There are 2 protein chains.
Amino acid sequence: MSRLAGVSRMTVSRVLSDPELVLPTTRDKVLKAVADLGYVPDKTAGSLSSRRTGFIALMLPTLTNANFAAVAHGLTEALREANYHLLIAYTDYDMAEEERQLLNLLARRPEAIVLTGAMHRRNASRMLMAADVPVVEIADLPSQPIEHAIGFSNYQVGRTAARYLLDRGFTRIGAIAASPEGEVTDHRGEERMRGFEEELRLARRSTDGVLRHGTAPVSFHHGAAAFRALVERQPDIEAIFAVSDLSAVGAVMEAQRMNLRIPDDISIMGFGDFEIGREINPALTTIHVDFHALGLRTGKMLVDLLASDATPAPSTLDVGLRIVERASVKDR
Amino acid sequence: MSRLAGVSRMTVSRVLSDPELVLPTTRDKVLKAVADLGYVPDKTAGSLSSRRTGFIALMLPTLTNANFAAVAHGLTEALREANYHLLIAYTDYDMAEEERQLLNLLARRPEAIVLTGAMHRRNASRMLMAADVPVVEIADLPSQPIEHAIGFSNYQVGRTAARYLLDRGFTRIGAIAASPEGEVTDHRGEERMRGFEEELRLARRSTDGVLRHGTAPVSFHHGAAAFRALVERQPDIEAIFAVSDLSAVGAVMEAQRMNLRIPDDISIMGFGDFEIGREINPALTTIHVDFHALGLRTGKMLVDLLASDATPAPSTLDVGLRIVERASVKDR
DNA sequence: CTGAAAGCGCTTACAG
DNA sequence: CTGAAAGCGCTTACAG
């Protein structure tokens, strides 16, 4: 390559990374040779010698969830300008798998690690703390963050949902979620349930309508099945919080099949503000968190952080949440 | 590291890659040192020296689509045993972005490249053909594959959908999709439309009910808007094919809001067999392609292919498709 | 503005 | 069964 351009290997490297440093005439010679040969420099070699891989590791529970996919898209956007690339792994909600994937990621020497936060195996936490790169936990606010955290409180989501239903005067209030199963658990969903139950308890309301059913992750189908199970058990239930819009939509569809009118017979609210919730009839009342923005902010923070050589103190950022009132909860 | 274990660097490398080759006592010494130090070998260095990165590149239009996410999950599963890792990039349906991402991927020296097929920029195709690693195009069957292809014919999807509606005796038949817009186009969706129109033409039916509306990618909302536009233009339309279940579901929801009964007033069918289509009322008739299996098969083929040192001839595999009859098309 | 030397952390290919 | 040497393809840090 450098032979064809009649310059040293170093000059090629410079033209490709910082063209300003090179005389226009030599630059053009190099660029022509690059084009003629279809030369694509080997980043593996570059990474090794510069000690910078340009990788940002991202660990998600699954790709099959529009909100987590939105996080990835937001991150990519923010990272693009600084020419970092995402190295994506997913755990299928299994903490043993998280630990395994973490090792794979670490072996690639990412310059930062982003992962969905709050719950990790002991050994995974240890590896994360030992890693000498920035770690940011997202999509929750851990009580003891490993380092940085950008997210929202799932516990508060649960409390907010319960409060909303209580404020509207409902008394027989329930919820549907997956039941935690050892290593394979939706910990963030479970946090929402915990908050929901707590708010009910503080209001001295029964938590008998809170149903954990089936296994994570939740889905439309899961929501339908859980809704039916709950209504059969407690026919007089007035309002239900589903741990995700996915199960909430499933519940609305099941209600239609059971000839229950939403919201006249039963009110339903969800979490996550998925697109489908806006389109169904009645449109779904939900709690919104901007996952795309969450990814963007995380990416921006990382770009800044990696550009400076200072090691900033651990930071925690709450991106907040808001209720989106639509038509699936009765206005009474 | 090797100092702490009292052995050479080579012995550490052997213990980690092929433990059988090492005496149990030395092996244990090494393993203990590895655990004590939390040593994670640097794959960047390993890749450079062994000339094997262990990366398989995967280029998708978007992660925000359950079927493409399923492809990624299937691939990961098949690749896990052989210890390959996916390097994922996505294009947002933009061919200029595909070319840019391809360069990024190539610089990481993947051992194979998987991408959604059939349409690429000239320069991207050239890079792919010059790459001396296996290339497999998925999710379509290109007329001129770059090398391997595993997928189905989107054109046939369109023809099959039209045939199905024609066979049921509908005469005023329409379709909804996004309109192609230069570099940002859903080429596979457009192929389905082309097949659909062709089948209509062969049956000497009007294609006036075929509507291209808005930009890719389609969504629930897109389907709702396109459905309304089509019905307002052609109030006597009897049956509609939506280029994706996402838009089909949006159409069903919009029909409910317009007080049109599905399927009594208008029949609707989709493509992709997304989970939501099974849950809505009426359940959506659709055309099913097993994207998870598509990913699995691609991964298995790659594992075999990379294990042998022969260079097999280019292969094309049609995974087929099937109609899933549910309740959104009138039985007449 | 350009280049020669050294080295990043592993694995390959020997040698013993 | 274990190790010393060479080298993978770049970039860093000089030197001129």
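Treat the numbers as computed from the prediction; the structure is a model and nothing was measured.
Annotation: of the two residues near DNA chain C, B:Arg14 and B:Ala45, the 5′-most nearest-nucleotide partner is B:Ala45. For the pair B:Met10 and A:Val40, both in contact range of DNA chain D, the more 5′-proximal nearest nucleotide belongs to B:Met10.
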Canonical and wobble pairing (Watson-Crick, G-U, under 3.5 Å) of DNA chain C, dot-bracket with |: |||.||||||||.|||
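Protein chain A contacts DNA chain D from D:dG9 to D:dT12, reading 5' to 3' and using non-hydrogen atoms of the protein with a distance under 4.0 Å.
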Audit row: A:Leu75, A:His73, side-chain contact (heavy atoms from CB on, under 4.5 Å) steps and yes/no: CA-CA 5 Å; A:Leu75 259 170; A:His73 276 253; over 6 Å; no
side-chain contact (heavy atoms from CB on, under 4.5 Å) assessment of B:Arg52 paired with B:Tyr84: CA-CA 10 Å; B:Arg52 307 198 54 199; B:Tyr84 285 106; 2.7 Å; yes
Intermediate values then yes/no, side chain to side chain donor-acceptor pair (under 3.5 Å), B:Glu99 and B:His120: CA-CA 8 Å; B:Glu99 190 174 320; B:His120 316 285; over 6 Å; no
Residue pair A:Thr76, B:Tyr90: steps toward the side chain to side chain donor-acceptor pair (under 3.5 Å) verdict: CA-CA 10 Å; A:Thr76 306; B:Tyr90 40 86; 2.3 Å; yes
Pair B:Glu97-B:Arg100, salt bridge (charged side-chain N to carboxylate O under 4.0 Å, His left out): steps then yes or no: CA-CA 5 Å; B:Glu97 183 64 14; B:Arg100 239 171 287 139; 2.3 Å; yes
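Using modelled atom types, one finds a donor on one side chain and an acceptor on the other under 3.5 Å when comparing A:Ser315 with A:His148.
Between B:Leu115 atom CG and B:Glu137 atom CD the span is 5.5 Å, to the nearest 0.5 Å.
With hydrogens and angles ignored, the 3.5 Å screen pairs no side-chain donor or acceptor of B:Thr44 with any backbone N or O of A:Ser47. No side-chain donor-acceptor contact under 3.5 Å links B:Asp92 to the backbone of B:Asp94. With hydrogens and angles disregarded, a donor-acceptor distance shorter than 3.5 Å links the side chain of B:Asn154 to the backbone of B:Ala139.
Residues from residues 16-35 of chain B lying near DNA chain C, meaning a heavy-atom separation below 4.0 Å, are absent.
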